[in-house]
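Reminder, nothing fancy here: chain letters follow the sequence lines and each chain counts from 1.
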There are 2 protein chains.
Amino acid sequence: MAALAAVSVGTASKALNGRGSMRPETRQRVREAAERLGFRASAAARSLQAGRTYTVGMITTDSIGRFSIPVMLGAEDSLGAGRMSVFLCDGRDDPIREQYYLDTLLSRRVDGIIVTGRRAQPRPPVRANLPVPVVYAFISSTDPDDCSVLVDEADGATKAVEHLLAIGRRRIAHVSGPEHHQSAATRCTTAAGRLAGAGLEFAAPPMFGEWSEAWGRHAAGTLLANGHDFDAVFCGSDQIARGVADGLRAAGRRVPDDVALVGFDNWDVMAMACQPPLTSVDMDLEGVGRAAADMLLAAINGQPAPGRHYRPCRLVARESTAVTVRPAPGTAPAPPDRLAAQPRT
Amino acid sequence: MAALAAVSVGTASKALNGRGSMRPETRQRVREAAERLGFRASAAARSLQAGRTYTVGMITTDSIGRFSIPVMLGAEDSLGAGRMSVFLCDGRDDPIREQYYLDTLLSRRVDGIIVTGRRAQPRPPVRANLPVPVVYAFISSTDPDDCSVLVDEADGATKAVEHLLAIGRRRIAHVSGPEHHQSAATRCTTAAGRLAGAGLEFAAPPMFGEWSEAWGRHAAGTLLANGHDFDAVFCGSDQIARGVADGLRAAGRRVPDDVALVGFDNWDVMAMACQPPLTSVDMDLEGVGRAAADMLLAAINGQPAPGRHYRPCRLVARESTAVTVRPAPGTAPAPPDRLAAQPRT
DNA sequence: TTGAAAGCGCTAACAC
DNA sequence: GTGTTAGCGCTTTCAA
């Protein structure tokens, strides 16, 4: 390639990288030769001498799933803009596999590592004394000094409750996932606290179960069967909320007229397919990924930001809470979903 | 590191790679020194001299989505086992971005490239005359000589229809996605053909719409309103099927007793949350990814397998078709979902 | 059995 | 303005 343009390799390098000063015509000639040959500088050779690979590793501790994907996409987005390439590593919930990936990444001399996963529960650091910066995204490390970018779930729960209060609901129930699950606990406690701040409490004891529609349906049935008087349900997930919606409708309750509903996750396909479309708390997982990537880049450039960083949630209002003032009984608004076969009403 | 073990770099290299012959004690000494120092050979240096990076690129032509993810995971799985690392590139439906990624991958000297995406529709080759092997996974290239691993959707449709026939249904309707969408067309045509083979035809003209629950609900309503006589619906997707299920139930039809339902995709969360749980066609996307990775590895090793390779589907039977012999009217089996609030029946 | 040296492809420092 | 050279970290060949 240098030969084709009849210059030395050094000159060719400078020409292609816009470094040094040289006759414009030479630069042009080199560029054309490179173009003609489809020449592309070898990243390996380059990083060998630069001591930097412009490469980062992304490890999921558990399998890649619904939550880690948006995080990864956000990170990839931010990283790609900075011309960094991303190594994908699916930990598959297997510590051995995880450590193997870590070794691989280290021998590939990645400039940094992003660790992500499914649950908010803190996990032990991926390894002590790593020679490169690590940022935890969505999950956190048990070491509070490790850099992690987290969702402020308390903020999400607060916004959910405040939204329900704002549309005039006062008798709010809560249906969520497993009680021992940190997200369920945080959301419940925070919601209760916010209610207390308004001089209220849950309209029924909070109900814990699975993160599934089936559980939501079941819980709705139980709430009704136990004769609780409630005009809203704050649900721990969109799937649960959707189950609750179906359960309520099957029992003849109208959403949002009789009972308003707020979910959590803002999982588009769930929230939109719900009847009626579901108001939900969005954790902005892509934003989490992007923020994590930005912090990693900063750390790589010598500006680390140790500690836990919480990001706010955003409430996305849809028709499951679309009542500003409670209508007089009997004044039911038109059903929202034009395409839907009419529910029995 | 060589210094710590008091050997030359050449010896150290041999010791660590198990190459050459040497005093076992020396080998041991080197290994311990390496261990102590956390030494890991630089992949960059290694591939510089080997001319091979043990790295492949994975590009999605459109955004990374529900279909490409399992494909990617399957590929990553197969590749990881072969100690290859994977570069993740999200094309975001942007040709510029895609070409940029391609350049990056090429300059990183990946050993091969996997291209994947959302739709079955063939796409133009990602670039002509690439210096490394390329395998298309789930999508195919318009050039029939390019290696692509594809889902045999006709097989899936056939299995769906045969399953319905096997449980004694004869009046089968079809509700699917957009008519111009290749998957919708293939599935419909094949199903019609298989019915014809049994001397039957669709119980109603096939209905095309969106890949959404709302459309499914709507279509169910229309089918009923038009007075069609049908005892099964083969749906183009799980979401549509779920909408149909809801639409039928809202109109008082029982699934599977009155109408059996088969979906497509076997999207667990949809299929399981459906009432009743949905029988569906599984495209084994992870298998597609694994197969693509295996073919890429073979091509890298000089054994290319040009052309389109189709993989069969698998039917996953659940309760939406759980009737072997049609029960006498009135002999309704117990509702399947113990957790669910009872639908009105 | 071990060491020395060349060379993979590139960039940066320096000489011409 | 351009060419030469050293050296990034490794493997491999060949000599000792």
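A/Thr26 comes within contact range of the sugar-phosphate backbone alone, with a heavy-atom separation under 4.0 Å but no base atom that close.
Take B/Thr186 and apply the side-chain hydrogen bond (donor to acceptor under 3.5 Å, both in side chains) test, not counting sequence neighbours, and it matches no residue. When the side-chain hydrogen bond (donor to acceptor under 3.5 Å, both in side chains) test is applied to B/Ser47, no partner is found at least two apart in sequence or on another chain. Judged as a side-chain hydrogen bond (donor to acceptor under 3.5 Å, both in side chains), and not counting sequence neighbours, the contacts of A/Ser141 are A/Asp146.
For A/Ser21, a side-chain nitrogen or oxygen approaches OP1 or OP2 of D/dG1 to under 4.0 Å.
Between B/Arg92 and B/Asp62 no salt bridge is recorded (no basic side-chain N to carboxylate O distance below 4.0 Å).
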Starting at the 5' end of nucleotides 7-16 of chain D, put B wherever the base has a protein heavy atom under 4.0 Å, S where only the sugar-phosphate does, and a dash everywhere else.
-BBSBBB---
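Under a 3.5 Å cut-off, the side chain of B/Arg29 and the backbone N or O of B/Ala5 do form a donor-acceptor pair. When atom types are taken as modelled, the side chain of B/Arg118 and the backbone of B/Ile64 share no donor-acceptor pair closer than 3.5 angstrom. A donor-acceptor contact shorter than 3.5 Å links the side chain of A/Arg97 to the backbone of A/Asp90.
Chain B approaches DNA chain C over the interval C/dT1 to C/dG9, counting the first and last nucleotide 5' to 3' with an atom under 4.0 Å from its heavy atoms.
For residues 41-57 of chain B, the salt bridge (charged side-chain N to carboxylate O under 4.0 Å, His left out) pairs, not counting sequence neighbours, are B/Arg52-B/Asp111.
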